[in-house]
Amino acid sequence: MRRALHPRFVLFLITSLLLCFFPSFSAAQDQQPAIRFVRNPDPAPDFKLIGLDGKPVTLADSHGKVILLNFWATWCGPCRAELYDLIDLQAKYKDRLQILSLIVDDDDSATIQAVVEKYGINYPVALAPNEIRLQYGGIAALPTSFVLDTEGRIVQKHEGLRDPRLYETEIRALLGLPIGNVRVETFDDTGQIFIKNAVRATELPGVDLSKLTPEQKIVALHKFNAEGCNCGCQYTLAQCRIYDRNCQSSRAATEKIIAALAHSAPAKSEPGSPPPPPALSASPPTSEKPLE
């Protein structure tokens, strides 16, 4: 005879699953899972591509629907792992959701088409040229998916393999459908979605500003956004720290700027000079390291 699971053990299992499925879950907040959307989202860059089936693939054609824009490659294991889940989501919400698949493969069209047919992909698939990848931040990890609301604005970005129930909860929330006991939070985009918005950040991954005065911190942030990284990424130091937190070039450059400011004498204000600019609002916690 099978033993019944103890109620406390069942609760433990549920809590563990929530931690896996909802990255924003916090045990300090009554064990309530949460999803997060950008507070003032920017419009997604539109494009006009030709799909593998010969039909146009654009964002404008799906206006009014939630869009899941999925960048992937046929050689990427995690990308293939989520295909059946995406296919199921498209079938379940076919009238109100549009998944668009952008391939970053170097393989020929015939090889890609074979993969599409093998999995039975039921949404448009097109090759993503480099200029589109750059418009969406360079695509540092695969898969990368952008969640767009019904107005065509990017409200969330996910790098790496995610549980499909997270995607479904976000989709349902954007469609105004019930999402159970899940809280919806908002945050300011300080580079997590669009790398250009790094100028809004007051904290950067791997950058310790704690030794600086508030005035020095403002100066440091201005320098991070004005000076380019020499690693070849063509980003500013701030953008590079967000794009690639493992970059040693941007890490060394930001540390040098901080050290110089920390050892400099505080500047004396001239009579009649304006006060320093106010500090920017605090940024939300940075996302976890992208999976590749």
Peer 1: Please check: side-chain N/O of Asp244 versus main-chain N/O of Cys240, any donor-acceptor pairing under 3.5 Å?
Peer 2: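 No; judged by distance alone, with no hydrogens or angles, the pair does not exist.
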Peer 1: Judged by atom type as modelled, is there a donor-acceptor pair below 3.5 Å linking the side chain of Arg80 to the main-chain atoms of Thr74?
Peer 2: yes
Peer 1: Is the backbone N or O of Arg245 less than 3.5 Å from a side-chain atom of Arg251, with the two atoms forming a donor-acceptor pair by type?
Peer 2: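 Side chain of Arg251 to backbone of Arg245, a donor-acceptor pair under 3.5 Å: yes, one is there.
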Peer 1: List the steps and the verdict of side-chain contact (heavy atoms from CB on, under 4.5 Å) for Phe187 and Gln192.
Peer 2: CA-CA 10 Å; Phe187 67 97; Gln192 303 97 315; 4.1 Å; yes
Peer 1: What is the distance from atom CD1 of Ile67 to atom CD of Gln98, rounded to the nearest 0.5 Å?
Peer 2: 7.5 Å
Peer 1: Got a second to check how far Gln156's CD is from Arg36's CZ, nearest 0.5 Å?
Peer 2: 7.0 Å
Peer 1: Mind running side-chain contact (heavy atoms from CB on, under 4.5 Å) on Tyr167 and Ile99 for me, showing each step along the way?
Peer 2: CA-CA 11 Å; Tyr167 285 135; Ile99 298 176; over 6 Å; no
Peer 1: Mind checking whether Val207 and Leu237 have side chains closer than 4.5 Å, heavy atoms only?
Peer 2: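 The answer is no; the side chains never approach within 4.5 Å.
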Peer 1: Does either side chain, that of Arg39 or that of Thr186, offer a donor lying less than 3.5 Å from an acceptor on the other one?
Peer 2: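 Yes, a side-chain donor-acceptor pair sits under 3.5 Å.
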Peer 1: Is there a side-chain contact between Leu100 and Leu68 in this structure, where contact means two heavy atoms from C-beta onward sitting under 4.5 Å apart?
Peer 2: no
Peer 1: List for me each residue that meets ring-ring contact (aromatic ring centres under 6.0 Å, His included) alongside Tyr235, sequence neighbours excluded, and say none if there are none.
Peer 2: Tyr243
Peer 1: Assess the side chains of Asn70 and Ser145: does a donor N or O sit below 3.5 Å from an acceptor N or O?
Peer 2: yes
Peer 1: For Ile257 and Lys223, work out which heavy atoms get closest and say how close.
Peer 2: CG2-CD, 3.6 Å
Peer 1: Assess the side chains of Asp188 and Thr190: does a donor N or O sit below 3.5 Å from an acceptor N or O?
Peer 2: no
Peer 1: Write down the atom of Leu209, the atom of Glu203, and the distance for their closest heavy-atom approach.
Peer 2: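 Closest approach of Leu209 to Glu203: CD1-OE1, 4.3 Å.
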Peer 1: State whether the side chain of Asp189 and the backbone N or O of Phe194 hold a donor-acceptor pair below 3.5 Å, judged by distance alone.
Peer 2: yes
Peer 1: At what distance, to the nearest 0.5 angstrom, does CH2 of Trp72 lie from CD1 of Ile103?
Peer 2: 4.0 Å
Peer 1: Same hydrophobic cluster for Ile132 and Leu134, using side-chain heavy-atom links shorter than 4.5 Å among ILVMFWY?
Peer 2: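 Result: no, two separate clusters.
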Peer 1: Quick one: closest heavy-atom pair of Leu221 and Ala201, and the distance?
Peer 2: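 Smallest interatomic distance, heavy atoms only, reads CD2-O, 3.8 Å.
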Peer 1: Side-chain atoms of residues 116-129: list all donor-acceptor pairs with protein atoms under 3.5 Å, sequence neighbours left out, distances to 0.1 Å.
Peer 2:
| residue | atom | partner | partner atom | Å |
| --- | --- | --- | --- | --- |
| Glu117 | OE2 | Gln113 | NE2 | 3.2 |
| Asn122 | ND2 | Ile87 | O | 3.2 |

Peer 1: Going through the checks in order, is the side-chain contact (heavy atoms from CB on, under 4.5 Å) test met by Ile242 and Leu204?
Peer 2: CA-CA 7 Å; Ile242 294 173; Leu204 295 170; 4.0 Å; yes
Peer 1: Measuring only between side-chain heavy atoms, which start at C-beta, is Pro143 closer than 4.5 Å to Cys76?
Peer 2: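 Yes; the side chains approach each other to less than 4.5 Å.
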Peer 1: Do you know which two heavy atoms are closest between Glu159 and Ala140, and how far apart they sit?
Peer 2: OE2-CB, 4.2 Å
Peer 1: If hydrophobic clusters are built by linking Ile, Leu, Val, Met, Phe, Trp and Tyr wherever their side-chain heavy atoms come under 4.5 Å apart, do Leu102 and Ile50 end up in the same one?
Peer 2: no
Peer 1: Any side-chain heavy-atom pair from Ser264 and Gln216 closer than 4.5 angstrom?
Peer 2: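 They are in contact (side-chain heavy atoms under 4.5 Å apart), so the answer is yes.
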Peer 1: For residues Ile193 and Ile154, report the shortest heavy-atom separation together with the two atoms involved.
Peer 2: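 Between these two residues, the closest heavy atoms are CG2-CG2, 3.2 Å.
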Peer 1: Rounded to the nearest 0.5 Å, what separates atom CD1 in Ile218 from atom CG in Leu261?
Peer 2: 12.0 Å
Peer 1: Would you indicate whether Lys217, at its atom NZ, is surrounded by more than 12 heavy atoms from other residues, nucleotides or ligands within a distance under 6.0 Å?
Peer 2: yes
Peer 1: Do Thr150 and Val66 have side-chain heavy atoms sitting under 4.5 Å apart?
Peer 2: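 A side-chain contact exists here, since the closest heavy-atom pair is under 4.5 Å.
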Peer 1: Are there more than 12 heavy atoms of other residues, nucleotides or ligands under 6.0 Å from atom CD of Glu255?
Peer 2: yes
Peer 1: Any chance you could measure Arg165, atom CZ, to Asp85, atom CG, to the nearest 0.5 Å?
Peer 2: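 So the gap between those two atoms works out to 9.0 Å.
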Peer 1: Under 3.5 Å, which donor-acceptor pairs link side chains of residues 170-178 to any protein atom two or more places apart or in another chain?
Peer 2:
| residue | atom | partner | partner atom | Å |
| --- | --- | --- | --- | --- |
| Glu170 | OE1 | His158 | NE2 | 3.0 |
| Glu170 | OE2 | His158 | NE2 | 2.9 |
| Arg172 | NE | Pro178 | O | 2.8 |
| Arg172 | NH1 | Tyr93 | OH | 3.0 |
| Arg172 | NH2 | Pro178 | O | 3.2 |

Peer 1: Return the minimal non-hydrogen interatomic distance between Lys55 and Asp53, and the atom names on each side.
Peer 2: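 That would be N-OD1, 3.0 Å.
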Peer 1: side-chain contact (heavy atoms from CB on, under 4.5 Å) between Thr111 and Asp105: does it pass, once the steps are laid out?
Peer 2: CA-CA 10 Å; Thr111 301; Asp105 257 326; over 6 Å; no
Peer 1: Checking the side chain of Glu168 only, and the main-chain atoms of Leu89 only, is there a donor and an acceptor separated by less than 3.5 Å?
Peer 2: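 Looks like no, no N/O pair under 3.5 Å.
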Peer 1: CG/Leu69 to OG1/Thr144 distance, rounded to the nearest 0.5 angstrom?
Peer 2: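 If I round to the nearest 0.5 Å, the distance is 10.0 Å.
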Peer 1: Look at the rings of Tyr136 and Phe71 and say which category their plane angle falls in: under 30° parallel, 30 to 60° tilted, over 60° perpendicular.
Peer 2: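 Plane angle between 30° and 60°, so tilted.
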